[in-house]
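Structure record follows, encoded as structure tokens.
Counting starts at 1 for both ligands and their atoms, following the listed order. Since this is a predicted model, take the numbers as computed values, not measurements.
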Amino acid sequence: MSYEQIIAPAPPAELIFGDWYPGLRSGDLRAGRMTQALLLGVPLVLGRKRDGRIFAMRDLCPHRGIPLSAGWFDGENVQCKYHGWKFEPCSGQCTEIPSLTKFEILDPGKIYAGAYPCEERDGYAWVYLPEPGSGRLAGSVPPVPELPKFSDRYRSAHLVADLPCNVDHGIIGLMDPAHGPFVHQAWWWRSRASIHEKEKHFEPIPQGFRMSSHAPSANSAPYKLLGVYGEPITTTIDFVLPNRRYETIRAGAKWFSSLTTITPVTASTCRIDVIAAWNVFYNVPLVTSIARFFGARFVRQDQETMIEQAQGLRFHPALMLIDDADKPAKWYFALKQARLNGTDEHPLTGPVTLHWRS
Ligand code: FES
Ligand SMILES: [Fe+2]
């Protein structure tokens, strides 16, 4: 038995159902093809119908449980490989059971495979995962999350990386201000020697909190780049349940906007997706490639650190959250617990100022 096998797997986290999660890049969905994805431990099969609509079904046939992705999709119906039942994939409704004869009264139209609301937004196929056991979705679901944009013309980029830890560690790593000078040291970003005391103001927002609009920290080189426009720079960072971090940087009419999500793949693993758009340096050649290069490096630094952290977490150590640097993490846990309990308690009753060195 290997060392790997005798140590417990990464600890699981409780998951928030009843919300939208980015499934996969919607450009990867081609008409007539099926693609598998795993979200919150739910096996999914996604695809695009001939009319362009995308769908997300539970990747299990309601007859005897074989993955529907093992079967066929003609751009109109998904057909199970085992007994050939056909399903309309947007509604999940069964359209044909080949074994039925005229002597049987079973109405295939009363049978449904699991089908989830699925929408294309900002280059992603977003999937709404209802509470388990909530049956077919009645009523409306909330709107799909969207990256804020502030002009018609902009460039955009996407990044994705798998993280071997549960969604809670992914999220508190995302909002953790104190790791920057250690994990993200680089000449173009910031150095450990540049650590200084910071004061940031936060305010409650529905299902989350906002780091109020402020002039960005002087030791962050990318922010300084925006200074070339000679306009005052402001940045706002929002965290919103279940897993979204919105960052907006504006300098006059120039802007940079990102939406970073940490999505549970299983209860003990997750994935980080970054969607970014900007109109700064719009006409500079290669700007998208350059942004992607630096963005990928930044995400890789977090990913490598979390891979190492996962080694330690398998031993289930007791952990600490300290004031003030880990205060946003405490708010996240309180918000999440309130959501899971079905209450609307908010850990922030008004504006709060935090201090830390980073
Ligand atoms: S298992 Fe799918 S049709 Fe029988
Ligand atoms: Fe980071």
Side-chain angles (χ1 to χ4, degrees), residues 34 43 45 57-74 77-89 92-100 104 106-115 159-165 167-186 188-192 194-195 198 211 216-217 219-223 235 237 239 243-247 258-262 270-274 276 294-310 325-326 328-329 332 356 358:
M34 293 187 280
V45 55
M57 299 178 83
R58 191 157 175 248
D59 193 13
L60 298 171
C61 179
H63 183 212
R64 294 252 278 282
I66 191 171
L68 290 169
S69 57
W72 304 274
F73 174 48
D74 60 4
N77 286 290
V78 168
Q79 183 168 34
C80 179
K81 174 178 183 162
Y82 207 166
H83 312 94
W85 293 18
K86 281 188 182 173
F87 303 92
E88 193 292 309
Q93 189 173 31
C94 184
T95 54
E96 187 186 332
I97 296 181
S99 64
L100 291 183
E104 281 162 291
L106 178 66
D107 175 6
K110 295 223 167 79
I111 297 172
Y112 284 85
L159 283 170
V160 57
D162 288 308
L163 302 176
C165 56
V167 65
D168 292 339
H169 280 290
I171 285 176
I172 66 176
L174 183 71
M175 59 179 57
D176 170 8
H179 78 287
F182 297 91
V183 171
H184 302 299
Q185 312 181 42
W188 51 272
W189 179 249
R190 60 173 67 172
S191 71
R192 216 183 281 187
S194 74
I195 292 186
K198 288 181 186 157
M211 186 191 283
S217 144
N219 61 350
S220 300
Y223 294 129
T235 168
I237 301 173
F239 174 77
N243 65 344
R244 300 167 203 148
R245 177 191 191 270
Y246 295 91
E247 177 162 7
S258 66
L259 168 57
T260 305
T261 52
I262 306 284
C270 60
R271 196 189 71 217
I272 180 169
D273 291 276
V274 184
F294 286 112
R297 202 161 126 176
F298 198 84
V299 169
R300 208 177 318 118
Q301 289 167 336
D302 283 322
Q303 186 187 32
E304 281 164 5
T305 306
M306 289 183 189
I307 289 170
E308 286 159 342
Q309 183 194 21
D326 294 335
Y332 161 68
W356 64 72
S358 69

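For F73, the ring pair (Phe, Tyr, Trp, His ring centres under 6.0 Å) criterion is met by F55, not counting sequence neighbours.
Considering all non-hydrogen atoms of both residues, C94 and P108 come closest at CB-O, 3.1 Å.
In terms of protein heavy atoms, atom 1 (S) of ligand 1 is closest to R64 N, 3.4 Å. Atom 4 (Fe) of ligand 1 has as its closest protein heavy atom H83 ND1, 2.0 Å.
Counting heavy atoms from C-beta on, the side chains of I195 and W356 never come closer than 4.5 Å. For the pair E88/N77, a side-chain contact is recorded, criterion being any heavy-atom separation below 4.5 Å from C-beta on.
The nearest N/O/S atom of H63 to atom 4 (Fe) of ligand 1 is ND1. Take the N/O/S atoms of D302: the one nearest the Fe ion (ligand 2) is OD1.
A donor-acceptor distance shorter than 3.5 angstrom exists from the side chain of Q303 to the backbone of D162, with no hydrogens or angles considered.
Proximity to W85 (heavy-atom distance under 4.0 Å) selects the following atoms of ligand 1: 3 (S).
Distances from atom 2 (Fe) of ligand 1 show that C80 has an N/O/S atom below 2.8 Å.
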